[in-house]
Amino acid sequence: MFYELATPTWGPEEREAISRSVGSGRTTMGEEVAAFEAAFAAYHGKRYAVMVNSGSSANLIAIASLFYRRERPLQRGDEVLVPAISWATTYHPLHQYGLKLRILDVELGTLNMDVSLLERALTPRTRALVAVSILGNPAALDILSSFCTRHGLYLIEDNCESLDGELNGRKTGTYGDIATFSLFFSHHISTGEGGVVLTDDEEENQLLRSLRAHGWTRDLTPSSPLFEPREDDCVESYRFILPGYNVRPMELQGAIGLVQLKKLAAFTAQRRQNMACFQRLFQSDERFIIQRENGRSSSFAFTIVLNPAAGHQRARVTAALKRANIGYRMITGGCILRHDVIRHYDYTTVGEIKNGLIAHDHGFFVGNAPIDLKPQIERLREVMDDACR
Ligand SMILES: Cc1ncc(COP(=O)(O)O)c(C=O)c1O
C-alpha cells in the first residue's frame with residue numbers, strides 16, 4: 001500500500017530483546033515485565049504501572065478495581081459520563097459491570113468530549129467519568145479533572161490512543177485516578193498486543209495486580225491492604241480473594257516494551273513533524289474539518305471530517321482513497337450510538353448527539369507513523385482535491 005494505516009516500528013533492538021527473553025526460559029510475566037512497568041511509571045511520574053495483555057484488558061480491570069475499593073466503591077446502577085466517540089472496549093466493561101452510560105456529545109474540532117455539557121450531564125447517581133483523548137489529541141483533562149474533584153467522581157482516563165500527549169506540560173494519562181494505555185501494533189509504542197494501567201494509589205495497584213492474575217494474592221505485597229498473609233504456603237499459593245481474570249502479559253512483551261519506550265520521544269517528534277505537514281496542507285480549507293489540537297497532540301493519525309455544508313460524499317472520497325492505495329478508517333471506531341451493541345447497554349444521552357454522528361457519517365482517518373510521511377500526505381492532498389471538486 002502506498003500510504004499505510006500503520007507501520008511496523010520494531011528494529012534489531014526489539015529482535016535482540018525477543019531472543020534474549022525467549023532464551024531466558026521465562027514465558028509469562030517476570031523481570032522484564034516488572035522492569036517495563038517501573039520504566040513506564042517513571043516516564044509518567046506515577047507510582048504504579050500494571051502491564052496487561054491489551055488496552056481492552058486494561059479498561060476491564062480498571063473498571064473492575066473500582067468495585068472493590070474499601071471506600072466509595074462503584075456499585076451496579078451507578079452512572080458514568082462517557083464521550084459519544086471512543087473505541088468499543090471503552091464502553092463494554094461499563095456495561096459488563098452494570099453501570100449506566102451517560103453519553104455526551106463531542107466537539108467537532110477536537111473530537112473530544114464537549115465539556116460545556118458537563119453540568120447538565122450530572123445526576124445524583126453520577127459516580128465516574130471516562131475521559132478519552134482521541135487519536136493523540138488531549139481531551140480537556142484539566143477541566144474534566146477539576147469537575148470530577150468538585151463532584152467527587154472517579155476520573156478514568158482511557159489513554160489508549162494518546163500515549164505521550166501533553167496538556168499544560170503534563171502527560172495525558174496522568175490526570176486520572178487511573179489511566180489505561182494500549183500497546184497494540186499501530187499505537188505509539190507497540191508490544192504486538194499489550195496494555196498498561198497507571199495509578200498513584202497503592203490500594204488500586206494491589207487490586208489491579210490481583211484482578212490481572214486470577215484474583216489471587218500471589219503477586220501482592222505481604223503488606224497489601226487487601227489480605228492478611230497466613231503461615232501455610234500451600235494455602236497461600238492458591239489463595240483467591242477477588243473475581244479476577246487472566247489478562248497477564250508475556251515476558252516477551254515486557255522486553256519489547258522496554259526497548260520501545262526508549263524510542264518513544266523520537267517517535268513522537270517524527271509524528272508531530274508529519275502532523276505539521278498535514279496541518280499546513282489541510283487547515284484552511286473549508287471543505288475539510290481537521291482535528292484541532294488541544295495542548296500537544298502525540299498524533300496517532302490524521303482525521304478529516306467532510307464539512308456537511310460542502311456536500312461531498314464520503315463514499316466517493318473513500319473510493320478515491322482506495323484507488324490511490326491510501327488506507328483509511330472510521331474515526332476511532334465512530335459514534336457508539338451507530339453500533340448495534342448499543343441495544344445491550346443501559347444508557348441515556350445528554351441532549352442530542354450531533355457532532356458524534358457527523359464525525360461518524362462524514363469522517364475518517366488516515367495513518368501517521370514515526371517515519372517521514374511527506375510524500376504520502378502530499379498525495380493525499382491531491383486525491384482529496386480531485387475527489388472533492
Ligand atoms: C480509546 C481506546 N480504548 C481502548 C482500546 C483497546 O486497546 P486494545 O486494542 O489494545 O485492546 C483502543 C484501541 O485502539 C482505543 O482506541
Side-chain angles (χ1 to χ4, degrees), residues 5-6 9 36 40 49-64 80-97 101 103-104 106 110-113 128-139 141 144 155-165 172-173 175-176 178-198 212 245-250 253-254 256-257 260 271 291 297-303 327-336 339 341 356 359-360 363-369:
L5 280 167
T9 57
F36 172 71
F40 196 88
V50 178
M51 190 181 194
V52 288
N53 59 2
S54 72
S56 302
S57 301
N59 281 345
L60 176 62
I61 64 167
I63 296 303
V80 182
L81 310 184
V82 292
I85 289 186
S86 190
W87 189 249
T89 54
T90 304
Y91 308 104
H92 295 343
L94 306 174
H95 159 73
Q96 286 154 349
Y97 274 83
L101 281 65
I103 303 175
L104 285 75
V106 296
T110 62
L111 295 172
N112 292 324
M113 183 184 270
L129 184 151
V130 183
V132 185
S133 295
I134 291 293
L135 295 171
N137 193 32
L141 297 166
L144 295 172
L155 176 60
I156 303 133
E157 259 189 88
D158 179 338
N159 199 43
C160 285
E161 298 184 356
S162 297
L163 171 62
D164 226 21
T172 54
Y175 281 84
I178 190 162
T180 60
F181 298 80
S182 168
L183 309 176
F184 179 61
F185 168 66
S186 54
H187 290 234
H188 295 82
I189 62 170
S190 171
T191 56
E193 296 273 5
V196 184
V197 190
L198 210 56
R212 166 175 69 175
Y245 306 91
N246 180 358
V247 292
R248 286 180 299 206
M250 290 173 71
Q253 292 166 298
I256 301 167
Q260 285 264 297
R271 282 177 178 275
Q291 201 175 22
S297 171
S298 54
S299 193
F300 187 111
F302 308 129
T303 63
Y328 59 87
R329 285 278 192 278
M330 295 284 286
I331 294 170
T332 292
C335 178
I336 192 62
H339 289 286
V341 69
H360 187 104
F364 62 91
F365 77 76
V366 296
N368 192 1

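In each ligand, atom 1 is the first atom listed, and ligand 1 is the first ligand listed. When a residue number appears, it is its place in the shown sequence, counting from 1.
Scanning for side chain to side chain donor-acceptor pair (under 3.5 Å) contacts around T89 gives S56, with sequence neighbours left out. With sequence neighbours left out, N112 forms a side chain to side chain donor-acceptor pair (under 3.5 Å) with no residue at all. Applying the side chain to side chain contact (heavy atoms under 4.5 Å, CB included) rule to T172 yields the partners S133, P138, L141, E157, N159, S162; only residues at least two apart in sequence or on another chain are considered.
Atom CD of Q96 and atom CD1 of I63 lie 10.5 Å apart (nearest 0.5 Å).
Looking at T180, L155, L101, T90 one by one, the single match for side-chain contact (heavy atoms from CB on, under 4.5 Å) with V130 turns out to be T90.
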Are any protein N/O atoms closer than 3.5 Å to the N/O atoms of ligand 1? If there are, list each pair with names and the distance to one decimal place.
unit_1: ligand 1; atom_1: 3 (N); unit_2: D158; atom_2: OD1; d: 3.2
unit_1: ligand 1; atom_1: 3 (N); unit_2: D158; atom_2: OD2; d: 2.8
unit_1: ligand 1; atom_1: 10 (O); unit_2: G55; atom_2: N; d: 2.8
unit_1: ligand 1; atom_1: 10 (O); unit_2: S182; atom_2: OG; d: 2.7
unit_1: ligand 1; atom_1: 11 (O); unit_2: G55; atom_2: N; d: 3.4
unit_1: ligand 1; atom_1: 11 (O); unit_2: S56; atom_2: N; d: 2.9
unit_1: ligand 1; atom_1: 11 (O); unit_2: S56; atom_2: OG; d: 2.6
unit_1: ligand 1; atom_1: 14 (O); unit_2: H187; atom_2: NE2; d: 3.2
unit_1: ligand 1; atom_1: 16 (O); unit_2: E161; atom_2: OE2; d: 2.7

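Below 30°, between 30° and 60°, or above 60°: for F36 and F40 the angle between ring planes is between 30° and 60°, a tilted geometry.
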